[in-house]
Amino acid sequence: MEYAPNKDVIVKRIARIFHSGDVVNLGIGLPTQVVNHVPEGVVIILQSENGLMGLGPAPEKGCEDWDNVNAGGSPITVQPGGCFFDSATSFGIIRGGHVDYTVLGVLEVDQEGNLANYKVPGKMVPGMGGAMDLTTGARTVICSTLHFEPSGKSRLKRRCTLPLTAAKEVDLVVTDLGLFQVKDGHFVLAECFAPYTPEWVKEKTDADVVIAPDCKIVNLD
Amino acid sequence: MEYAPNKDVIVKRIARIFHSGDVVNLGIGLPTQVVNHVPEGVVIILQSENGLMGLGPAPEKGCEDWDNVNAGGSPITVQPGGCFFDSATSFGIIRGGHVDYTVLGVLEVDQEGNLANYKVPGKMVPGMGGAMDLTTGARTVICSTLHFEPSGKSRLKRRCTLPLTAAKEVDLVVTDLGLFQVKDGHFVLAECFAPYTPEWVKEKTDADVVIAPDCKIVNLD
Amino acid sequence: MLEKPIITAQEAAEKVKDGCTLMSGGFMGCGAAHTIIQALKAKGLKDVSLISTDTAMHDLKTGKVTGIGHLVVDRCFRKITASHIGLNQETQRQMNAGETEVELVPQGTLAERIRAAGNGLGGFLTPTGIGTEVQEGKQILNVNGRDYLLELPLKADVAIVKAKKADKAGNLIYAGTARNFNPMMATAADLVIAEAEEIVEVGELDPNHVHTPSIFVDFLVKAERLEM
Amino acid sequence: MLEKPIITAQEAAEKVKDGCTLMSGGFMGCGAAHTIIQALKAKGLKDVSLISTDTAMHDLKTGKVTGIGHLVVDRCFRKITASHIGLNQETQRQMNAGETEVELVPQGTLAERIRAAGNGLGGFLTPTGIGTEVQEGKQILNVNGRDYLLELPLKADVAIVKAKKADKAGNLIYAGTARNFNPMMATAADLVIAEAEEIVEVGELDPNHVHTPSIFVDFLVKAERLEM
């Protein structure tokens, strides 16, 4: 079996997790693209940790309002029925369990549910921003990542080696190979994305993977 | 010397303590009347702990807006430049030291700066309301009280016997006999109100009173 | 933005179960959900644990009752957590007679405990209550030379709050001092029912002026009774 | 209501002393007091300890700098307390070279620490950071079976905040996501200078829509530079 990185299947699969009314925070980068794949008829509410409920699409060029930006500092619009608040309130919403899903990027994620995504000591220290509060506070923590590093190593680990963003907070990991639940100290492969096979995924992952008895093969193309 | 209770001198004297720009919280009852005696030209800002900065006078009869009440539940107006906030913010303002003066009523106050004004066990238990936060948080705590109980006993004590509203928080006590500072475990009589004499006040007070070397006789009529 | 169900006060009252913990906004009746309170009174409620800044008013002489005081008079509560009960003589009577458990909490501490529950904090350190009966049974921590009480979060099964305006998504705007405890309570209960004097279409409220974001509100009720 | 002095950005900059602790509102430059920041840059500032959610942007390739990033580039800070410095390459360079001390704080914890200082709390318990490097050196308390970090208040000598509208008394209204850290910072500094795009007469703002009450603001500056 040959592996070709495919970010599309990751965001497509995550976008199908939500139900109407869910409050969702999408991290910068890959997670942001999830919003483009939410099925028609499903109305989610996007929270932006810099102080907004009801994040809308980017404005047309020339229509930017620089008082309205997302957590990456890019201009955004507001959905009808959205509202603004200060950062203490915003993280009160996050920490208080009022955000249903947070979707984050990954440097490493391990079978205990630990996530490392904010720091490579000595190399890259951007700071945790809101990621630690989001992983601690959101009801369901979804990690989105290509299954393999450019070097070919699996990003799903037995044990993270980088400084942690969150300890034992990860619920789901969606890669371009499949959807994994974190459970009892291992990854449970609940869905395997075609054309890969559960056995191949298990073999290529440098962590303890249990193939769920009802593991489905899903085609997301 | 004969004693006649006189609430007017208490509120008149307290009203002269403030400077323009001071943020003041006036308790229900006697303290509320202080506002009527603030000298012309002195502009204070009244805070109401139920969520208002810039408390104005009571509305004319028939003009009550029942969304706007004071901490006693009576209808009020708002000064131009006033604003509303929730109770957490209101007590953040109080606890955070942003209220310059709080003026409260007294059941007992002692020479250590302890105040009891919210509870007579078994008899009267209204609850502390905002009084504990106000005495802890306001920069200067002023107690306003007739000097004597109806029984003739001094309300200024060596040691409070009732449950405390605040421990060692009282700065000033203004009675109808004089103005007292709480200092180093005793009351310092800084001003004596005519027609009383400092010696008479000291003798009649059931607490350690030191007459300030520069104690003034003040006529407030 | 999805719209929230607009229900009757009677339907709202049915959602408040006997034995639950109930938060009610309002300060001496100002900013209380009077329509829902009357429906709760009509329904009859038992064994509820109430969290409210006060129990509004009940004057034994005149018989005048306001706000949540109506439910006190009907003996709906097994426990009342409040900062002030001084203007409700019936609450005091029930407390002194041992009929109702009353826990008195400093008003600022009460507001902050509710906020802590809604904001996912495990507690906070306040100087309020140090050296008083309020400190009994609580942990005291010294930070930078000053003593503080560790106060814990306070949450509820249901909160009834009262707004001036709501949009159909559930965003709320309060008026004047009727705001008081309502915004914190809306964050700290599993089920939040908001009574509003006016319910407008989604998009009609200025997003800069919303006090309670829509996501906190589960059901809307149109206010029909405004007096205290 | 008394009016607050309206001063120039240069006069404001003079009030920010070398060696002080400075809070600056804004998120990636959005909602920062750009006019005052430029005056601080012109004045030259030394040895300041900065508290800010981030250090805005500085791109080494394009040379583009925004918000408080202008002062980072000028080496005004001996210490930076922030949640994110990822978009300012100069901050990272100074940190890695040991030229500037950088303390990274989770964004929600940072907001709450500033609020705690302004609200007179001695600290608060948060689950954020448990099991990470953030817990190092901090007290862990267990409440109802869950571990929390005790986080302490954070205050400053001076805060510069940015509002959309102010009245002459100092009441502030923010716009959109430009609100961010500004309201908390306005409560947590000894001296608060507010830059506003528009300054109106006392009484022109709706008292229900004020975000920062006037009593927190010491001086007003009319905004002249709006770009990030």
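Order of the sequence lines fixes the chain letters, A, B, ..., with proteins taken first and strands second; residue numbering starts at 1 for each chain. Hydrogens, waters and symmetry mates are skipped; everything else that's a heavy atom, side chains included, is used.
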D/V102 versus chain A, the contacting section by heavy-atom distance below 4.5 Å: neither
I need the contact set between residues 124-131 of chain D and chain A: heavy-atom distance under 4.5 Å, sorted by residue number. D/T126, D/P127, D/T128, D/G129, D/I130, D/G131
Relative to chain A, which of D/P183, D/G86, D/G176 shows the most heavy atom pairs under 4.5 Å? D/G176
So, the part of D/L87 with a heavy atom under 4.5 Å from chain A: the answer is side chain
Where along residues 144-167 of chain A does a heavy atom come under 4.5 Å of chain D, listed by residue number? A/P163, A/L164, A/T165, A/A166, A/A167
Sequence neighbours left out, what pairs pass ring-ring contact (aromatic ring centres under 6.0 Å, His included) with at least one residue falling in residues 99-141 of chain A? A/F18-A/Y101
Could you check if a side-chain atom of A/D67 sits within less than 4.5 angstrom of a side-chain atom of D/E197, using non-hydrogen atoms only? yes
Rounded to the nearest 0.5 Å, how far does OG1 of D/T53 lie from CG of A/N50? 9.0 Å
Using non-hydrogen atoms only, which part of A/K168 is less than 4.5 Å away from chain D: side chain, backbone, both, or neither? neither
Best-contacting candidate, D/D54, D/I114, D/V105, D/L110, against chain A by heavy atom pairs under 4.5 angstrom: D/V105
Counting only heavy atoms from other residues, nucleotides and ligands, does the tally under 6.0 Å from CZ of A/R139 exceed 12? no
State, with a plain yes or no, whether a side-chain heavy atom of D/E112 is found less than 4.5 Å away from one of A/F91. no
A/M132 side, atom CE; D/T109 side, atom OG1 - distance, nearest 0.5 Å: 9.0 Å
Considering heavy atoms only, which positions within residues 136-148 of chain D lie below 4.5 Å of chain A? D/R146
Toward chain D, the part of A/D65 with a non-hydrogen atom under 4.5 Å: neither
Of D/M184, D/M185, D/R115, which meets side-chain contact (heavy atoms from CB on, under 4.5 Å) against A/D86? D/M184
With rounding to the nearest 0.5 Å, note down the distance linking CD in D/E133 to CE in A/M128. 8.0 Å
